[in-house]
Structure formats: structure tokens, C-alpha cells
Colleague: 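Take a look at the following structure, please.
Convention: sequence-line order gives letters A, B, ...; per-chain numbering from 1. All values below were derived from every heavy atom in this structure, side-chain atoms included, with hydrogens, water molecules and symmetry-related copies excluded. Because the structure is predicted, anything quoted here is derived from the model rather than measured.
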Number of protein chains: 2
Amino acid sequence: MPTRRVKLDRIDRRILDDLQENGRMTNVDLARRAGISAPPCLRRVRALEEAGFIRGYHADIAPELLGYELTVFALIGLSSQAKADLQKFEQLVESWPEVRECHMLAGEADFLLKVVAENWDAYKTFVDERLTAAPNVNHVKTMQVLQTTKHRPGVPIDVDAVDEE
Amino acid sequence: MPTRRVKLDRIDRRILDDLQENGRMTNVDLARRAGISAPPCLRRVRALEEAGFIRGYHADIAPELLGYELTVFALIGLSSQAKADLQKFEQLVESWPEVRECHMLAGEADFLLKVVAENWDAYKTFVDERLTAAPNVNHVKTMQVLQTTKHRPGVPIDVDAVDEE
DNA sequence: TTAGAAACCGCAATTATATTGCGCAACTTT
DNA sequence: AAAGTTGCGCAATATAATTGCGGTTTCTAA
């Protein structure tokens with residue numbers, strides 16, 4: 001059984017940072033920028049994927065061009081917070097394609113949903129026929145996104161951080 | 001000046017859907033799945049990128065493994081909503097690496113921020129020394145994410161939708 | 001400290017992809 | 001129907017991704 005590096009060194013951080021910024025960068029470029037040759041670079045990427053540091057790669061698609069003019073964050077309150085009821089709700093959410101993200105929250109509300117819709121009408125239909133119609137949903141507070149002024153992928157990665165351990 | 005296809009056909013939608021799901025899929029696979037040969041598939045991808053349908057590609061990094069144990073959504077209210085003041089705030093936000101997303105909202109609050117931090121302590125420092133210290137910030141309502149139960153990239157793409165136009 | 005193991009690196013060879021240059025067919029536009 | 005346009009696929013070429021190995025540095029533990 002091969003030992004698995006737990007601590008990331010400067011090179012790993014550089015790779016993660018580059019891939020977070022440009023997920024389709026070639027391994028050759030990745031290697032050049034990281035200062036090592038292609039083979040070990042590829043091996044590192046594979047290792048980072050297998051160790052779970054990299055959960056996947058995704059193209060960032062423009063919602064408006066695909067017909068989604070409206071983005072909304074909705075705070076959801078449930079009537080019951082029993083484990084089974086929460087899971088029931090999560091399951092339901094999973095089946096709704098217009099809901100892109102679902103975060104369980106502490107205090108205030110129970111869930112924060114990010115929803116995309118063609119327009120306000122489609123959103124209203126979603127709320128009326130899906131959300132409100134769902135059992136256990138107590139209240140829905142809608143917050144319309146007027147403009148997203150910053151959206152960086154994932155996490156900040158300090159490439160120059162001092163290696164620990 | 002080359003004409004640019006505006007309407008997406010089934011093949012384009014398939015490509016977008018596949019790349020949204022797996023941003024590092026090879027062009028060969030993309031082509032195979034779309035039912036066309038590699039060259040035209042690559043040309044379509046380039047066209048989709050240039051037309052802005054694809055804004056970029058990003059690796060999805062696991063926050064916890066990078067030391068970010070805490071994710072928070074914060075609702076921010078400003079004292080002044082004058083255009084200049086809003087922009088001032090957005091600029092500030094841009095410079096804070098722990099803020100990954102900033103959405104301007106209608107009603108309720110002025111902005112919704114998604115923030116990642118090593119721990120609660122680091123977040124508190126962020127709020128005290130950056131957010132609250134910033135001019136024009138009136139109030140901050142923090143919502144801690146306990147668990148993200150769904151996070152799909154971007155938008156729903158119905159590959160089988162009927163072509164319009 | 002020192003032999004052996006472990007973790008990594010880079011070179012060189014091989015396989016797979018990405019890219020380009022064209023000619024062809026379908027579809028429009030006069 | 002001639003001419004222009006758009007998009008496809010084949011074939012050739014240029015790049016990239018992978019694999020197999022030998023060599024080096026770093027640990028480990030006797």
C-alpha cells in the first residue's frame with residue numbers, strides 16, 4: 001500500500017491554484033508553471049484527484065445566454081427539523097433541476113437555495129407548484145440577485161504559504 | 001466577418017452539458033458523445049467559448065482539505081445605496097480573498113456574500129477587521145453553512161429540448 | 001551511520017489528442 | 001440554377017498524455 005502525501009507542498013498548491021483558475025489547462029502547461037516535468041506533474045494531479053482535493057472539473061456556463069434571466073437565493077424554513085424530515089426535503093430538492101445549490105444553515109432559516117429560472121414567471125410557478133406544495137415547507141423568503149459582482153471558484157489558495165510539518 | 005450561430009442545436013447543448021459535468025473531458029470523447037467527429041466538435045467548443053456561452057473552466061476544490069472548515073453566507077446592508085458607494089463596496093470585496101462570491105440583491109439586504117474561513121475565529125477577525133471596519137457597512141447578518149446537500153454547476157441544460165427558431 | 005525502503009524526479013518511447021488544411025454536401029440567397 | 005455560406009469528416013501533423021525505468025534524495029530503523 002503506497003503512502004499518501006497528506007501535506008501539500010508548494011508545487012501541489014500551485015497545481016490546485018492553476019486548475020481552479022483554468023480547469024482545462026494542459027498538463028504540459030501545468031508542469032511548466034509548477035516547475036517540474038510533465039510526468040510527475042500528471043502523477044500529482046491524479047493523486048490530488050484520488051485524495052479528494054479535486055472533486056471535479058466544470059465548465060462555467062453563462063446563465064443568461066442559456067435563457068436563464070433570473071437567479072434567486074431563497075431562504076427556506078421547515079415546520080419540522082427532525083432528521084427524517086430534513087432528509088425528505090433534501091431528496092426533493094435533489095430532484096428539482098432549477099435548484100443548483102442547497103445549503104443547510106444554522107439558525108435563522110433551515111436552508112438556503114440557489115435557484116435559476118427563465119424569468120420571474122417560471123420562478124413563481126416553481127415556488128407555487130414545487131416549493132410551497134412540498135410537505136413540511138413552512139416559509140420561503142426570496143432574494144433576487146440583481147447582479148453578481150464577484151464569483152471566484154472554490155477557495156483561496158496561497159501558493160507561497162510556508163510548508164508545514 | 002464570419003456569421004455566428006446564435007441558436008444552439010442539440011449537439012451544442014450536449015457539449016455544454018457534458019463540459020459542465022466534466023470540464024476536462026477530452027474533445028474526442030465530447031465528439032463521440034455528441035455524435036460528430038472530433039474536428040467539428042472542437043470548432044464548436046471554440047465557438048461556444050468565444051460567443052461567451054462558456055465563461056471558463058474550473059477545478060472544484062474541497063475546502064475542508066485545504067483547511068477551510070467554515071463556510072458562511074453573510075447578508076450585508078449598507079448605509080448608502082448610492083451608485084458610487086455600492087461600487088466602492090464591490091471594489092473592497094474584490095480585494096478580500098476569503099469572499100468567494102458577492103451578489104447584489106433586491107430588497108431585504110444589499111449584498112449576499114459567500115465567505116470561506118479556516119475557522120470561526122478567522123471569520124470573526126474577517127468581520128471585525130474588514131467588513132465592519134469598512135465604510136458604509138451598516139449591518140452584517142451571518143448564516144453558517146452546516147452542510148451543503150446539493151451543489152450542481154451552473155444551469156440545467158435540457159439536451160433534448162426542441163430546437164427553436 | 002548506514003543499508004534498505006519509500007517517495008519523487010526526469011528522460012525517452014509510445015499512445016492518444018488536438019489542430020489544420022481541404023474537399024464535399026446541404027441549405028440559402030439571388 | 002449559380003454563387004455564397006455553414007458545417008461535416010478525412011487525412012496529415014503537431015501536441016499532449018502516459019508508461020516504463022533508472023537514478024537521486026530522504027527516511028527509517030537496526
Side-chain angles (χ1 to χ4, degrees), chain A residues 1-60 65-66 157 159-165, chain B residues 1-60 65-66 157 159-165:
Chain A
M1 174 140 313
T3 305
R4 188 153 289 157
R5 186 156 25 68
V6 174
K7 205 51 203 155
L8 302 179
D9 61 17
R10 174 195 196 67
I11 295 177
D12 291 314
R13 291 194 300 268
R14 175 50 155 279
I15 290 174
L16 288 177
D17 197 37
D18 283 345
L19 283 177
Q20 183 170 240
E21 203 47 54
N22 175 7
R24 258 180 112 72
M25 182 179 290
T26 66
N27 180 60
V28 166
D29 283 343
L30 222 47
R32 192 182 348 269
R33 294 170 55 94
I36 58 179
S37 64
C41 185
L42 184 62
R43 287 188 284 258
R44 275 169 185 262
V45 172
R46 296 286 179 255
L48 289 169
E49 289 169 352
E50 292 191 5
F53 286 95
I54 300 175
R55 299 188 291 200
Y57 303 89
H58 307 284
D60 174 23
L65 295 190
L66 264 283
I157 299 179
V159 176
D160 298 321
V162 177
D163 293 9
E164 301 160 46
E165 182 167 352
Chain B
M1 175 139 309
T3 308
R4 187 152 290 155
R5 184 155 28 66
V6 175
K7 205 53 202 152
L8 302 179
D9 62 16
R10 175 196 195 64
I11 296 178
D12 291 314
R13 290 195 299 269
R14 177 50 156 279
I15 290 174
L16 289 178
D17 197 37
D18 283 345
L19 283 177
Q20 183 171 239
E21 202 47 53
N22 175 7
R24 259 181 110 71
M25 182 178 290
T26 67
N27 180 61
V28 166
D29 283 344
L30 221 48
R32 192 185 345 271
R33 293 170 56 94
I36 58 179
S37 63
C41 185
L42 184 62
R43 287 188 284 259
R44 275 171 185 260
V45 172
R46 296 286 179 253
L48 290 169
E49 289 168 352
E50 291 191 5
F53 287 94
I54 300 175
R55 300 188 291 198
Y57 302 89
H58 307 284
D60 173 23
L65 295 191
L66 264 282
I157 298 179
V159 176
D160 298 321
V162 178
D163 292 7
E164 301 158 45
E165 182 167 354

Colleague: How long is the line joining CZ of Arg43(A) and P of dC9(C), in whole Å?
Modeller: 7 Å

Colleague: Under 4.0 Å between a Lys/Arg side-chain N and an Asp/Glu carboxylate O for Arg44(A) and Asp9(A)?
Modeller: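 Judged by the 4.0 Å cut-off on N to carboxylate O distance, Arg44(A) and Asp9(A) do form a salt bridge.
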
Colleague: Assess whether a salt bridge exists between Asp17(B) and Arg14(B), defined as any Lys/Arg side-chain N lying under 4.0 Å from an Asp/Glu carboxylate O.
Modeller: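 No, no charged N to carboxylate O under 4.0 Å.
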
Colleague: Could you state the CG-P distance from Asp29(A) to dA18(C), rounded to the nearest angstrom?
Modeller: 14 Å

Colleague: With a 4.0 Å cut-off on heavy atoms, is Thr26(B) in touch with a base, just the backbone sugar-phosphate, or nothing at all?
Modeller: sugar-phosphate

Colleague: Tell me what Arg32(A) touches on the nucleic acid: a base, only sugar-phosphate, or nothing, going by heavy atoms under 4.0 Å.
Modeller: nothing

Colleague: Does Arg46(B) place a side-chain N or O at less than 4.0 Å from the phosphate oxygens OP1/OP2 of dA18(C)?
Modeller: no

Colleague: Between atom CG in Asp12(B) and atom C1' in dG7(D), what is the gap in whole Å?
Modeller: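 Taking CG of Asp12(B) and C1' of dG7(D), I get 11 Å after rounding.
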
Colleague: Report yes if at least one side-chain N or O of Arg44(B) is closer than 4.0 Å to OP1 or OP2 of dC8(D); otherwise report no.
Modeller: yes

Colleague: If you assign each of Pro39(A) and Arg24(A) to its closest nucleotide in DNA chain C, which residue comes earlier from the 5' end?
Modeller: Pro39(A)

Colleague: In whole angstrom, what separates Asn22(A)'s CG from dA16(D)'s P?
Modeller: 13 Å

Colleague: Round to a whole Å and report the spacing from CG of Leu42(B) to P of dT20(C).
Modeller: 8 Å

Colleague: Using atom CE of Met25(B) as one end and atom C1' of dT17(C) as the other, report the distance to the nearest whole Å.
Modeller: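 The answer, rounded to whole Å, is 14 Å.
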
Colleague: For the CD1 atom of Ile54(B) and the CG atom of Leu65(A), what is their distance to the nearest 0.5 Å?
Modeller: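 Here the interatomic distance stands at 11.0 Å.
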
Colleague: Among dT18(D), dC11(C), dG9(D), which is the nearest nucleotide to the side chain of Asn27(A)?
Modeller: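 Shortest atom-to-atom distance from the side chain points to dT18(D).
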
Colleague: CG of Asn22(B) to CG of Asp29(B): how many Å apart, nearest 0.5 Å?
Modeller: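 Between Asn22(B) CG and Asp29(B) CG, I get 8.5 Å after rounding to 0.5 Å.
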
Colleague: Over how many whole Å does the gap from Ile11(B) atom CD1 to dT6(D) atom C1' extend?
Modeller: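 Going from CD1 in Ile11(B) over to C1' in dT6(D) covers 13 Å.
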
Colleague: Check the pair Phe53(B) / Asp12(B) against side chain to side chain contact (heavy atoms under 4.5 Å, CB included), numbers first and verdict last.
Modeller: CA-CA 10 Å; Phe53(B) 287 94; Asp12(B) 291 314; over 6 Å; no

Colleague: Would you kindly give the CD1-to-C1' distance between Ile15(B) and dC8(D), to the nearest whole Å?
Modeller: 13 Å

